[in-house]
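Some notes on the structure that comes next.
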Amino acid sequence: MAYVYDDENIFAKILRGEIPNTTVFESQHSLAFNDVYPQAPHHVLVIPKGKYVNYDHFAAEASDTEIVDFTRTISAVCDILEICPGDEGNGYRMISNAGTDGVQEVPHLHVHICAGRELGRMLQKTQ
Ligand code: AMP
């Protein structure tokens, strides 16, 4: 699979410091920041700093170090937001949209972490 990355996408501009963001957590290879149009009381986007279009691109081509860093960043965000189900939180939904059918708007891999209310059924439409 040949993946084509657009350097002018909005998250690339955030990573270059050209557009501001509200950072929740930053690591060597990943950045977590608040979504500008939150769909829940907590709505954080986690992105790798590397140039990956979507999750299958990342899973296929990222280094082990980047993959571990990204995964641990998700854990850090859940800790910071206190949303881990159990003693401290009530849970969350994690979504990563890809491509046309996934209705991905920004072509840089991002995981949405939404929490802070009961989020309803996962998909609104049938078939
Ligand atoms: P997706 O449809 O999965 O590609 O989601 C893209 C998300 O990026 C949407 O939830 C937008 O609200 C969010 N978004 C777009 N521009 C920005 C920005 N400058 N800072 C933070 N979030 C953004």
Side-chain angles (χ1 to χ4, degrees):
M1 175 69 194
Y3 296 97
V4 178
Y5 182 84
D6 173 12
D7 275 308
E8 294 309 310
N9 79 75
I10 201 153
F11 295 167
K13 292 179 180 178
I14 285 176
L15 287 168
R16 291 197 295 267
E18 296 168 8
I19 292 176
N21 75 93
T22 305
T23 297
V24 173
F25 182 82
E26 183 169 10
S27 65
Q28 184 178 1
H29 296 290
S30 309
L31 179 68
F33 53 96
N34 286 323
D35 196 296
V36 279
Y37 300 114
Q39 304 296 312
H42 296 300
H43 188 167
V44 173
L45 303 173
V46 182
I47 67 172
K49 292 182 179 177
K51 297 180 179 183
Y52 302 102
V53 175
N54 57 31
Y55 198 85
D56 61 270
H57 184 195
F58 183 72
E61 297 187 3
S63 68
D64 291 1
T65 301
E66 290 175 299
I67 290 170
V68 170
D69 183 292
F70 188 70
T71 304
R72 297 279 193 244
T73 296
I74 290 168
S75 171
V77 170
C78 291
D79 277 346
I80 289 165
L81 300 180
E82 299 184 338
I83 57 174
C84 302
D87 289 345
E88 66 174 5
N90 288 329
Y92 56 91
R93 179 164 298 147
M94 192 168 77
I95 301 168
S96 191
N97 298 317
T100 305
D101 282 359
V103 195
Q104 180 181 10
E105 293 175 18
V106 181
H108 180 113
L109 167 60
H110 51 283
V111 165
H112 299 253
I113 298 176
C114 296
R117 65 171 170 81
E118 204 276 328
L119 294 162
R121 302 285 295 182
M122 187 169 70
L123 299 175
Q124 301 299 319
K125 295 179 183 176
T126 57
Q127 302 182 355

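Counting starts at 1 for both ligands and their atoms, in listed order.
In this structure, D7 pairs ionically with K51, as a charged nitrogen and a carboxylate oxygen lie closer than 4.0 Å.
The shortest distance between side-chain heavy atoms of F11 and F33 falls below 4.5 Å. No side-chain heavy atom of P107 sits less than 4.5 Å from a side-chain heavy atom of Y5.
Note on I10 and L45: same hydrophobic cluster, where clusters join Ile, Leu, Val, Met, Phe, Trp and Tyr whose side-chain heavy atoms are under 4.5 Å apart, directly or indirectly.
Judged as a side-chain contact (heavy atoms from CB on, under 4.5 Å), and not counting sequence neighbours, the contacts of H42 are L81, I83, A115.
In summary, the side chains of Y3 and D56 do present a donor paired with an acceptor at a separation below 3.5 Å, with no hydrogens or angles considered.
Contact residues of ligand 1 (protein heavy atom closer than 4.0 angstrom to a ligand atom; sorted by chain and number): I10, F11, I14, F33, N34, D35, V36, Y37, L45, N97, V103, Q104, E105, V106, H110, H112.
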